[in-house]
Structure formats: structure tokens, C-alpha cells
Amino acid sequence: MQFGIFSVGDITPDPVTGRTPTDASRLQDVLTIAQHAEEVGLDVFAMGEHHNPPFFPSSPVAINSYLAAKTSRIILSTATTLITTNDPVRLAEDYAMLQHLSGGRMDVVLGRGNTGPVYPWFGEDIRQGIPLAIEKYGLLRQLWREEYVDWEGQFRTPLQGFQSTPRPLDGTPPFVWHGSIRSPQIAEQAAYYGDGFFANHIFWPSSHTQRMVGLYRQRFEHYHGSADQAIVGLGGQVFMRKNSQDAVNEFRPYFDNAPVYGHGPSLEEFTKQTPLTVGSPQQVIDRTLGFRDYVGDYQRQLFLMDHAGLPLKTVLEQLDLLGAEVVPVLRREFARVRPSHIPDAPTHAARVAAGNAEHRETVTLSASPAGSEK
Amino acid sequence: MTTRKLAVVSSGLSTPSSTRMLADKLAQSTEERLVEAGHDVDIATFELRDLAQSITNNLLTGFADEPLQNAIDQVTGADGLIAVSPIFKTSYAGLFKSFVDVIDNTALTDLPVVIGATGGTPRHSLALDYAMRPLFNYMHSVVIPTAVYAASDDWGAGEDTVKSLPERIDRAAGELAALMKDSERSANVVDPFALDENFDQLLGGFQGN
């Protein structure tokens, strides 16, 4: 199982100091955070993509390429890469390039994006979000898997004999997760291709995540024979201090003024209603181990650590706690209860070894149903 | 004997509220008609005042807490709805609109609705027809022809001695009960995660196959 962090790259005033970081300083902070994630032993760093302030990361592939040179072990992913408004040809080439630059230490989480104006800014229509995601991903797959592509569709100029470069590293396309908050069609898409499904699992009730993952597993079983061979990733949000009440007191002003949920429910209500945990490392461990109860054995857990204006120093302290006290216990405990036939989290090396350029092998074991306890 | 589900939404802000009083009278009259016709009636009444915080939170976070989700489920899964709001500044109360705003666009389709409103003077009664009726038309609900407006005076002798408030209530209740008798809405199971098409159909849908 892989553990890591993801950042949406919001530039939010620190409600305690009143200070708003510049694009330049926030970018440097995120680069520091990503490298520190590797230092504390995390497996994954994922960067968001946005094309409007108050977010700075318009190009996660550029950020991840820089980080590829600065790190040696961590997997560089996205949260998410916009499949609707980017050209799939550019995505195929940019992410294949990142795959080479990082030696395969990358994958990609595709999302549609829910900022209305971004669609027309890139010449698209948000009402076509699902058809865009389906057609463009179909082409992206083809570009990574076929040498010369003839293609014609609704949303892009046709291609005749086009070869995207560079070709995927070791003839193995990057692993793809499909991220979606509420669209069953995306769970269906992930299941159809045997790709991963990433549930953002923040800001909304976990019952919602449970249903989306349940649908993905059900459809995965339909297409590939067994629900527990599906590849599931979850987000999560935590804030920790050794003493639980210190965590609550320190995080409260950031919570109360946060983008998305600020000025709405209380911290206490929100921690009860959503997967947000504010407390001691032990509380984070207990809550996180419980995720398995409603999504089954899963492959990747990412936490949102650096939003709502939290200062760099605080975020780095959070990473220290995560790396030293939380993740080692999570690794041990998840491994202890995990049946042996559950697939590992995807890595380039494993995918190359499996000779897997197209589909993951269909495993026909006497598999137990998703979410079942051993 | 079959059960019909009647949801009642009142967005009066004071306690006690004449808006709630009108809602209850409409509900009572509707229930009597349905019982006469041989149906059991299951009435669920919601004061939006009690849900005001939850509604605001839903607007900000995008999801409903448990009490609000229960209200939404009861309203969207009903065979008939009685919706009553005070008229503020020429229209329904902001709280009332906020509640409708957090309901899914398609969730009130085909729902029989009687609209009612209260106000200080009868001069605002047309708000029902230029504000509240279009709102439910947008939601593709079936709004019955009679809308009931109760001005302060109506709770006494009333200005209108020909068509008094109780008569207007009975007429509206009769129209609502007539539609609710044949409604199967409350028996339908709605799955928000249902897939209309499998992936081959999704692919084929815009590849012209």
C-alpha cells in the first residue's frame, strides 16, 4: 500500500497572521513540501491542476518534472490532470516525457475539473464534461499503446499516422487513475479499462465515497471478473498535534476561514460528517484504518496537508508526524489484515515485470468480495 | 388500503407562525379527502427554520447533513407537497428558495404541489403566481391551479366574504388529493448512482455507432 500527500495548490491568506503568500513563495513552499514528503518516507506526492487564482499550479507536469530531478524515490502523481480541457496529444507527450525523466516514478490521476469558465477558456463546454473525458482519454490510451494512430472524434482535429513522442518508457504506458467526486460514468470508465479509481474522500461524507467505490468495484467485476482486483485510491484530510486539543485549537481558525467549507459547519460537525480528522496521531491512525471498512482493501492513501493558508513550518511538522508516527503504523496494520491476493499499488517496475502494456491480468482466484473481512 | 405520502414545507420564521398554520390547514384538509377515498396518509412536516443552519451549510459545502437529507428525501419521495412561504419583498422567503436550491434539479419532477403564501396584506397575493409557481414549473412539478394566499385579515372575518380562506383551502386540498390518489412516486426507488448506459454505450453514443 502506498501513502502520500496531495496538494491543490491554493493560495489562501493565513487567517492567523493575515499574510498571503505570493505565487513565487507558495510554489517554492510546495516544492519544499514535496521533497520533505520523500524525506519522511512517504511514497507519493500528487499535484493539482488549476487555471484560475487563487490557485497557482497550472502545470503539474512541469512541477513534477522538476521534482523528478530533486527526488529519488517518491512517485509523482497529479490531483488531478484535466482530461477535459487539455489536448490528449499534449498529455500523451508531456506525461511520457515525465515518465522518462522520472525513471517511471510517476502516474496520473485524470479529472474533469469543476470550474465552469475553464472549459470555455480552453474552447470547451462544461455540459460536455463526460463525453470530453471519455473521448479524450480514449485517444490518450491509444497514443500510448499504438505506434501510429489514425483517429477521428468529435472534440479534436483528426490524426493520420500520428506517432506521439517519446514512446512510453519500457513500452509500458503510465498507470492511470480516474478521479471523480460524483459521476458514476467515471467509475464505469475506470472499471471498463481496468484502470485505478481515485475517490477524493475529502469535504464530503464518507458514505458517498463508499457508494462510488462500490460502483467501481461492481463494474470492475463485471468487466474483469473480480471486484477485489480493482485498484482504489483515497484522499483524506488531517491535522495533528501530540495533544488532541492542541490540534483542534491550532487548526480551528484555518478551518473556519478555509476555502470550500469555511464559514459553514463547525469543525466538530465537519469532522463528524466527513473524513477530516483533527487530533492526535493515534486518532488519525484509528480513523484511517477504518476507511477499509467501507471501501475494502485499497492501494493508495493520500492526505491533504497544505491548504487553507497553513504556514510552511506547520505543514512540514505535519509531515514529520505523518512520516514518523502515523504511516509506519498504518503500513503495519493494513498489511496485517490484507489478504494475499489483493493487488499491490501500481509501480512502473511491477508493471514492466508483468509485461503489462495493455491490460492487467485478470486474476481468477477464489476471491472474497470487496470489503469483506478475513 | 394504500398509503400516500404527503410532505409539508413551511418557511415561516416566527413561532408560532401563520405560515405554519396555513400549511397545517392545507395538510389536514388534504388528509381528509384522501382518507375519504380510502387511503392512509403519512404526513411529514418540516419547518425550514429548524433546518436554516443545515441549509446554509449545504449551500457552502455541497452536501446535506442528516436532518436536512431526511427532509429532502421525504419531500422528493412524496406523493404530494404542500409548500408555504411568507412573502418577503415581493417574493418567497430567501430561506424557502435556499431549500429548493439544495434539491436536485430533477428530484421534484411530476410531484403534485399546492403552493401557499402568507403576508400582511392581500395586495401581495400575486407573488404566488409570478414567483412561486414558476419556481415549481422549473422543477417540472405539477402545480395545481388553486394557490392559497392568506393575509392577516383572512384569519378573522376576511376581506373576501364570497370565497373565504377555508373555502380556498378546501378547493386546493381537493385538487391536490385528486392527483395524489393516483401517484406512485412514493413507491419508486431512486438510485442517484444508477448508470443509464454501460461503457460501450457511452463510447458509442458520440462515435455515432
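Here the structure is a predicted model, which is why all the values come from computation and not from measurement. Naming: A, B, ... by sequence-line order, numbering from 1 per chain.
Atom CD of B/Q53 has 12 or fewer heavy atoms from other residues, nucleotides or ligands within 6.0 Å. No more than 12 heavy-atom neighbours from other residues, nucleotides or ligands sit within 6.0 angstrom of CZ on A/R182. By the 6.0 Å contact criterion, CZ on B/R171 is open, its count of non-hydrogen atoms from other residues, nucleotides or ligands being 12 or less. With a 6.0 Å radius and a threshold of 12 heavy atoms from other residues, nucleotides or ligands, B/Y138 has its OH atom at or below the threshold. For A/Y148, the OH atom counts as loosely surrounded, since its 6.0 Å shell holds 12 or fewer non-hydrogen atoms of other residues, nucleotides or ligands.
Applying the side-chain contact (heavy atoms from CB on, under 4.5 Å) test between B/T61 and each of A/F203, A/Y261, A/W204 identifies A/Y261 as the sole match.
Heavy atoms of A/H222 lying under 4.5 Å from chain B are absent altogether. Within the 4.5 angstrom heavy-atom criterion, no atom of A/S183 approaches chain B.
Side-chain atoms of B/N57 and A/F270, non-hydrogen and from C-beta on, never get closer than 4.5 Å to each other. Looking only at side-chain heavy atoms (C-beta outward), A/Q273 and B/D65 come within less than 4.5 Å of each other.
Here the straight-line distance linking atom CD of B/E66 with atom CD of A/E269 works out to 12.5 Å at 0.5 Å rounding.
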